[in-house]
Asks: 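Here's a structure for you.
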Amino acid sequence: MLARGQGSPWYCPSGQPSARSPGSCRGICGTDGRDVTTAFDRVGGDRSVVVARVNGELRDLATEVSDTDVVEPVSVDTPEGLAVLRHSAAHVLAQAVQAAFPDARLGIGPPVKDGFYYDFSVTEPFTPDDLAELEKRMVAILKSRQRFARRVVTEEEAVRELAAEPFKLRLIGSEGGAEVMEVGGSELTIYDNLDARTGERCWGDLCRGPHVPDTSYIPPNAIKLMRTAAAYWLGDQANEQLQRIYGTAWPSKDALREYLTFLEEAEKRDHRKLGAELDLFSFPEEIGSGLAVFHPRGGVVRRVMEDYSRRRHEEAGYQFVNTPHITKAALFEKSGHLDWYAEGMYPPMQLDGEVDADGNVRKQAQDYYLKPMNCPMHNLIFDSRGRSYRELPLRLFEFGTVYRYEKSGVVQGITRARGFTQDDAHIYCTLEQMPGELDALLDFVLGLLRDYGLDDFYLELSTRDPNKSVGSDEVWAQATEILRQAAERQGLELVLDEGGAAFYGPKISVQARDAIGRTWQMSTIQVDFNLPERFSLEYQAPDGSRQRPVMIHRALFGSIERFFAILLEHYAGAFPPWLAPVQVVGIPVTDAHIDYLADVAARLRARGVRVEVDTADDRMQKKIRNAQRAKVPYMLIAGEEDAAAGAVSFRYRDGTQKNGVPIDEAIDEIVAAIDARVQV
RNA sequence: GCCCCUGUAGCUCAGUGGUAGAGCAACCGCCUUGUAAGCGGUAGGUCGUCAGUUCAAACCUGACCGGGGGCUCCA
């Protein structure tokens, strides 16, 4: 620590005299002789402390504090501290960009999940080569230990200083600016990057901070520029498109490496890659973007998923319905979809129109639409005859294939497709029945997801977006409250998603964490008072009066295809036996043992097991390799020894083996694992 | 829809102006083998499509189609 007598308005890190002797601060630390205390004096010193919380607010460590201020250290190991590190890294990136491309104008540069980005206005988009170059420049800046120095400026000063930065100017005093990192609070601040030795100003940026004390707090081997992308200024499509650079920054080289390893693992699990490798599905260009075909092996998985779901739904009192894929426009006018969602629908087909020889319309054409949702059709089923209160709750279920015109830029594998199948149900019940129905529904949904192997959940409650919704405030408030209570009764973590609801009602969604910790939105449960109104749905109450039911929309998988993809990635292609397309492969040691294994396979097949015997003209080792790569749960190997003993030898996916298992025992083991739906 | 990147055999990729290559897979042989690739051979591509530049285009230009990364959107 610098001696007080030298009166630093800044601090100098202690314990590193070789890196920065007190003498090196002379000339930049000021010599006004004031005796001040900084947050660093109170809580700094440990290099992992990057900023301080002063009276509850995050501040630079250089912030002057008084004895009465509450000052707490904020470590880079906390989410806030890490965000500061990344925010500072974004500044370093911007400095590097402006050094390499003097014409680049600054957008905004906040920390984000797993890293940071900075937006720039440049004449030429960045290239991958640019990223390598910029990364080198960043490392040089980091090694030069530039100080981040906060400076309060007046609006006039800021405008003068930032005359060359049109986007920063727009932030000053603008309403939108209050929400970004650059400005905030009651004063405008600029962060200057000062040369460690000379104190010379190397760069600066309008920013509310806080920042790490100096660039040496960011390990040069723990940053990486990841990719470039385009982004609209302030996220608005009406604004200029800027060039964004995404980077990542971590407290240590090891943390960066761990993150990169995670990304590699995620890439290995990518369902698009595994789908092709395991021959599960494909997207023939001839069919069109976002429209998948399922191959036999993918078809098996899908059928098993559906069969189990169907059985569970039957047990839970659902009734199965079927509806067409296409309908006249009037239905979606009635439901409100054409008012709120026409953009997401395939354009209409015009049918049944007639024109006479003179070109006059004799018969007006009808618009037909592919259905983006099943609910209007289910409403028609409800309304097909008079309904009694005795029928409620009425639960209609369908594997309903829907088509949505997803914009070309968002289609992604089978997780975001243009045609997909919802495991969609609509429950019609009375208001009184609703809380109980929701409890049962959440239990049902969570239990079923656990059966498929997901068991780490939290719930999200999405509330009304006033600009995109139908119905009265009271109805929304009531529905939201009922959902909230049901969610809370589950005792799971509950997150609020303000304004995230569908246009017709609030929703609870179940978020599941997969094997490598990623979260996926799974089931959604939506309460709807509006569609029953629009469709004038009624049932007859015990007193003979006609009452309006409420409606619960729920999809458990959301989309079968998407759920398929999630399971595929969750299991990295190694499905548990009950879901595996091929559950057992028989591998003969020589061709002489094919018949023996064929008998074993026949017995397995009789027990409902999906089994193949590899009769190809390959050596046994090659067959093992093939089965291993196909991620088949069980390999049954048989040669002379096994055949003589009436046994088979197991090889499991983890490479372990169990030899000389009597056939009956082997069959029982396999069947038991399948029936128990366990992973092996 | 917008920006950038990208498209060569079923798959993974090489080939940057002079009439297309490898490995794996497939097919045909040989080999008869005890826990992740035995050996040899054959076949397979109008280089995404359509225009343009050029004596000559997988390669340069444009449009379109598909894929990827983002933005936006996601009832």
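We name chains A, B, ... by the order of the sequence lines, and we start the count at 1 in each one. As the structure is a prediction and not an experimental result, all values here were calculated from the model.
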Asks: If you only use heavy atoms from C-beta on, which nucleotide in B:rU72, B:rG70, B:rC3 is closest to the side chain of A:Val410?
Replies: B:rU72
Asks: Mind calculating the distance between CG (A:Asn626) and C1' (B:rA26) to the nearest angstrom?
Replies: 13 Å
Asks: Determine the interatomic distance between P on B:rC31 and the same-named atom on B:rG40; round to the nearest Å.
Replies: 15 Å
Asks: Would the A:Phe116 and A:Tyr118 ring centres measure less than 6.0 Å apart?
Replies: no
Asks: Measure from the side-chain heavy atoms of A:Arg651 and tell me the nearest of B:rG34, B:rG70, B:rU35.
Replies: B:rU35
Asks: So if I take every side-chain heavy atom of A:Lys407 and compare against B:rU72, B:rG70, B:rU35, which nucleotide ends up nearest?
Replies: B:rU72
Asks: Using the C1' atom as the reference point in each nucleotide, state the distance between B:rG29 and B:rA20 in Å, no decimals.
Replies: 28 Å
Asks: Does a nitrogen or oxygen in the side chain of A:Arg272 sit under 4.0 Å from OP1 or OP2 of B:rG69?
Replies: yes
Asks: It should be established whether A:Arg244 places a side-chain nitrogen or oxygen under 4.0 Å from OP1 or OP2 of nucleotide B:rG70.
Replies: no
Asks: Please examine the side chains of A:His337 and A:Lys371, heavy atoms only from C-beta on, and report whether any two atoms are closer than 4.5 Å.
Replies: no
Asks: Look through every strand shown and name the nucleotide pairing with B:rC71 as Watson-Crick or G-U wobble, where both distances are under 3.5 Å.
Replies: B:rG1
Asks: Salt bridge check, A:Glu665 against A:Lys658: does any charged N sit closer than 4.0 Å to a carboxylate O?
Replies: no
Asks: For A:Gly639, report the nucleic acid contact type (base, sugar-phosphate, nothing); a contact means any heavy atom under 4.0 Å.
Replies: base
Asks: Is there, by distance only and without an angle test, a donor paired with an acceptor across the side chain of A:Arg619 and the base of B:rA36 below 3.5 Å?
Replies: no
Asks: Pick the closest RNA chain B nucleotide for A:Tyr652 and for A:Asp236 by heavy atoms, then say which residue is nearer the 5' end.
Replies: A:Tyr652
Asks: Checking A:His295 against A:Ser282: is there a side-chain donor and acceptor pair closer than 3.5 Å?
Replies: yes
Asks: Is there a donor N/O on one and an acceptor N/O on the other, under 3.5 Å, for the side chain of A:Thr590 and the base of B:rG34?
Replies: no
Asks: Walk me through whether A:Lys507 and A:Asp497 qualify under salt bridge (Lys or Arg N to Asp or Glu O under 4.0 Å).
Replies: CA-CA 10 Å; A:Lys507 78 174 175 201; A:Asp497 169 29; 5.7 Å; no
Asks: What does A:Glu640 touch in the nucleic acid at a heavy-atom separation under 4.0 angstrom: a base, only the sugar-phosphate, or nothing?
Replies: base
Asks: Once hydrogens and angles are ignored, does a donor-acceptor distance under 3.5 Å link the base of B:rC31 to the side chain of A:Asp591?
Replies: no
Asks: How close or far is atom P of B:rC4 from atom CG of A:Asp119, stated in whole angstroms?
Replies: 15 Å
Asks: Below the 4.0 Å mark, does B:rA25 have OP1 or OP2 next to a side-chain nitrogen or oxygen of A:Lys622?
Replies: yes
Asks: Applying the Watson-Crick and G-U wobble criteria at under 3.5 Å, what pairs with B:rC24? Answer none if nothing qualifies.
Replies: B:rG10
Asks: If the P atom of B:rC50 is compared with that of B:rC65, how far apart are they to the nearest Å?
Replies: 15 Å
Asks: Between B:rA58 and B:rU6, how many Å separate the two C1' atoms, rounded to a whole number?
Replies: 15 Å
Asks: Counting only side-chain nitrogens and oxygens, does A:Ser408 get under 4.0 Å of the OP1 or OP2 atom of B:rG1?
Replies: yes
Asks: Could you tell me whether A:Arg137 and A:Glu133 have a side-chain N and a carboxylate O separated by less than 4.0 Å?
Replies: yes
Asks: Among the nucleotides B:rC71, B:rU35, B:rC3, which one has an atom lying closest to any side-chain atom of A:Ala231?
Replies: B:rC71
Asks: What is the distance, to the nearest angstrom, from the CE atom on A:Met373 to the P atom on B:rC74?
Replies: 13 Å
Asks: Do A:Asn659 and B:rG34 share a donor-acceptor pair, side chain to base, under 3.5 Å?
Replies: no
Asks: When the distance from NE2 of A:His271 to P of B:rG67 is rounded to whole Å, what number comes out?
Replies: 12 Å
Asks: Tell whether A:Arg416 reaches the base of B:rC73 with its side chain through a donor-acceptor pair below 3.5 angstrom.
Replies: yes
Asks: Between B:rC39 and B:rA51, how far apart are the two C1' atoms, rounded to whole Å?
Replies: 49 Å
Asks: Name the nucleic acid region contacted by A:Asp618, choosing base, sugar-phosphate or nothing; use a 4.0 angstrom heavy-atom cut-off, strictly under.
Replies: nothing
Asks: What is the distance, to the nearest angstrom, from the CG atom on A:Leu280 to the C1' atom on B:rG10?
Replies: 16 Å
Asks: Round to the nearest Å and state the distance from A:Gln241 atom CD to B:rG69 atom P.
Replies: 17 Å
Asks: Only one of A:Tyr246, A:Tyr117, A:Phe101 passes ring-ring contact (aromatic ring centres under 6.0 Å, His included) with A:Phe126; say which it is.
Replies: A:Phe101
Asks: In whole angstroms, how far is the C1' atom of B:rU35 from the CG atom of A:Asp654?
Replies: 12 Å
Asks: A:Met620 side chain: which of B:rU35, B:rA36, B:rC3 is closest?
Replies: B:rU35
Asks: B:rG1 base to A:Tyr232 side chain: any donor-acceptor pair below 3.5 Å?
Replies: yes
Asks: Indicate, with a heavy-atom threshold strictly under 4.0 Å, whether A:Gly505 touches base, sugar-phosphate, or nothing.
Replies: nothing
Asks: Assuming nearest nucleotide by heavy-atom distance, tell me which of A:Gln621 and A:Arg227 is located more 5' along RNA chain B.
Replies: A:Gln621
Asks: What integer distance in Å separates A:Ile624:CD1 from B:rG38:P?
Replies: 11 Å
Asks: Look through every strand shown and name the nucleotide pairing with B:rA63 as Watson-Crick or G-U wobble, where both distances are under 3.5 Å.
Replies: B:rU49
Asks: Among B:rG7, B:rG1, B:rU35, which nucleotide sits nearest the side chain of A:Tyr405?
Replies: B:rG1
Asks: Categorize A:Tyr246 for me: base, sugar-phosphate, or nothing, with a 4.0 angstrom heavy-atom threshold over every strand shown.
Replies: sugar-phosphate
Asks: What's the closest nucleotide to the side chain of A:Asp617 if the choices are B:rG29, B:rG34, B:rC3?
Replies: B:rG29
Asks: By nearest atom, which of the nucleotides B:rC65, B:rG69, B:rA36 is closest to the A:Gln412 side chain?
Replies: B:rG69
Asks: With rounding to the closest Å, how many angstrom separate the C1' atoms on B:rC59 and B:rU53?
Replies: 13 Å
Asks: Between B:rG45 and B:rU8, how far apart are the two C1' atoms, rounded to whole Å?
Replies: 8 Å
Asks: Categorize A:Glu277 for me: base, sugar-phosphate, or nothing, with a 4.0 angstrom heavy-atom threshold over every strand shown.
Replies: nothing
Asks: In whole Å, what separates the P atom of B:rG48 from that of B:rG66?
Replies: 16 Å
Asks: side-chain contact (heavy atoms from CB on, under 4.5 Å) between A:Ile670 and A:Phe650: does it pass, once the steps are laid out?
Replies: CA-CA 10 Å; A:Ile670 292 167; A:Phe650 277 93; 3.8 Å; yes
Asks: NA contact type, A:His337, heavy-atom cut-off 4.0 Å: base, sugar-phosphate, or nothing?
Replies: base
Asks: Looking at A:Glu533 and A:Arg548, does any basic side-chain N land under 4.0 Å from a carboxylate oxygen?
Replies: yes
